[in-house]
Amino acid sequence: MRDAFVTTASELLDDPRTTIVLADISAAAFAPAVERHPDRVLNVGIREQLMVGVAGGLALTGQRPIVHSYAPFLVERAYEQIKLDLDHQGVGAVLVGIGASYDRAAAGRTHLSPADVALIDTLNDWTVHVPGHRDEVPGLLRNVVCGQDSAYVRLSVQSNGQAYPDAGDLRVLRDAGPGAPLLVAVGPLLDHALAAVADLPVTVAYTHRPRPFDTAGLRALAGTEVILVEPYLAGTSARVVGAALADRPHRLLALGVGRSELRRYGTPEDHDRWHGLDAAGLRRSIDAFLFPALATT
């Protein structure tokens with residue numbers, strides 16, 4: 001996904017309105033772009049707050065900045081600048097984070113960012129994309145860069161086996177019929193989710209755009225049981241689903257990264273397993289939700 005981002009962002013520099021702002025991360029990958037557009041690839045060094053401030057200033061002049069770093073540095077470290085220099089000023093930028101929740105788990109807690117989407121969700125009217133495959137990246141990046149509003153694109157080293165570039169609105173991949181429980185999988189957890197319910201009568205829908213959430217699609221598909229599977233902090237989209245279905249009796253199971261700090265290193269796959277986000281862990285949670293009587297016997 002990172003390579004797809006670098007290639008697409010470099011191509012977008014052909015539009016004189018586009019500027020890329022970096023804080024050392026991926027600077028080497030953008031070296032060819034610097035040679036072609038030396039005035040519109042800006043590396044401020046390891047100063048993430050300044051990076052966002054520069055982007056806000058560029059946006060005020062009519063530029064469309066693409067701002068890039070690891071998610072914890074881009075969103076958590078520079079959150080105040082995102083809030084003030086972009087949101088408060090009423091200007092748009094495209095933030096592109098790598099590292100996701102725990103892609104660089106071996107680097108320790110400094111490189112883990114499961115709360116990034118929840119933080120962005122405190123701001124006003126941001127679009128959030130969480131692609132599940134590298135081939136989803138070019139199209140969605142072009143769309144948000146050619147827009148006006150602010151967007152956050154969350155890249156990962158984890159991937160589904162197949163791309164669904166048109167899955168901004170909920171895309172049904174498995175239809176279990178009217179009234180069936182609905183599972184909504186976000187980004188790179190789709191394959192785990194499909195494997196978890198392979199033999200269950202559960203409708204599965206996919207999206208790489210959790211914000212704005214496709215509430216119309218949700219209402220059309222949802223019965224009385226809804227399961228959210230998100231690759232970031234558990235419950236991040238629970239409020240959206242709850243509000244969309246407020247006039248209907250329903251039960252919601254929100255699965256994602258837990259709040260307890262694991263204090264372990266390991267691989268992204270290890271962290272999926274420890275947080276119950278691998279296929280087996282998802283199946284345990286879904287069985288307990290759909291068949292609570294069996295879970296207590």
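- Side-chain atoms of Arg154 and Ser101 include a donor-acceptor pair closer than 3.5 Å.
- The backbone N or O of Glu269 sits nowhere less than 3.5 Å from a side-chain atom of Asp272 that would complete a donor-acceptor pair.
- Environment of CD in Glu261: crowded, with over 12 heavy atoms of neighbouring residues, nucleotides or ligands closer than 6.0 Å.
- The closest side-chain heavy-atom distance from Phe30 to Ser26 is below 4.5 Å.
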Starting from the C-alpha separation in whole Å, work towards a yes-or-no answer on side chain to side chain contact (heavy atoms under 4.5 Å, CB included) for Val257 and His271. CA-CA 9 Å; Val257 180; His271 282 257; over 6 Å; no
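- Classified by interplanar angle (parallel below 30°, tilted 30° to 60°, perpendicular above 60°), the ring pair Phe5/His68 is tilted.
- Using a cut-off of 4.0 Å between Lys/Arg side-chain N and Asp/Glu carboxylate O, Arg284 and Asp287 are scored as not salt-bridged.
- With hydrogens and angles ignored, the 3.5 Å screen pairs no side-chain donor or acceptor of Glu225 with any backbone N or O of Arg251.
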Which is it for Leu141 and Leu12 under the side chain to side chain contact (heavy atoms under 4.5 Å, CB included) test, yes or no, and what are the steps along the way? CA-CA 9 Å; Leu141 185 65; Leu12 288 167; 4.2 Å; yes
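- Side chain of Gln89 to main chain of Lys83: no donor-acceptor pair is present (N/O by atom type, distance under 3.5 Å, no hydrogens or angles).
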Going through the checks in order, is the side chain to side chain contact (heavy atoms under 4.5 Å, CB included) test met by Met51 and Leu42? CA-CA 9 Å; Met51 174 179 65; Leu42 310 178; over 6 Å; no
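- Listed by first then second residue, pairs satisfying ring-ring contact (aromatic ring centres under 6.0 Å, His included) with a partner in residues 112-163 read His129-His208, not counting sequence neighbours.
- Looking at Arg40, its side chain never comes within 3.5 Å of a backbone N or O of Thr19 through a donor-acceptor pair.
- A side-chain donor-acceptor contact under 3.5 Å links Asn160 to the backbone of Leu190.
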Output, in order, the C-alpha distance, side-chain angles, deciding distance and verdict of side-chain hydrogen bond (donor to acceptor under 3.5 Å, both in side chains) for Arg211 and Ser237. CA-CA 9 Å; Arg211 296 296 182 277; Ser237 294; 2.9 Å; yes
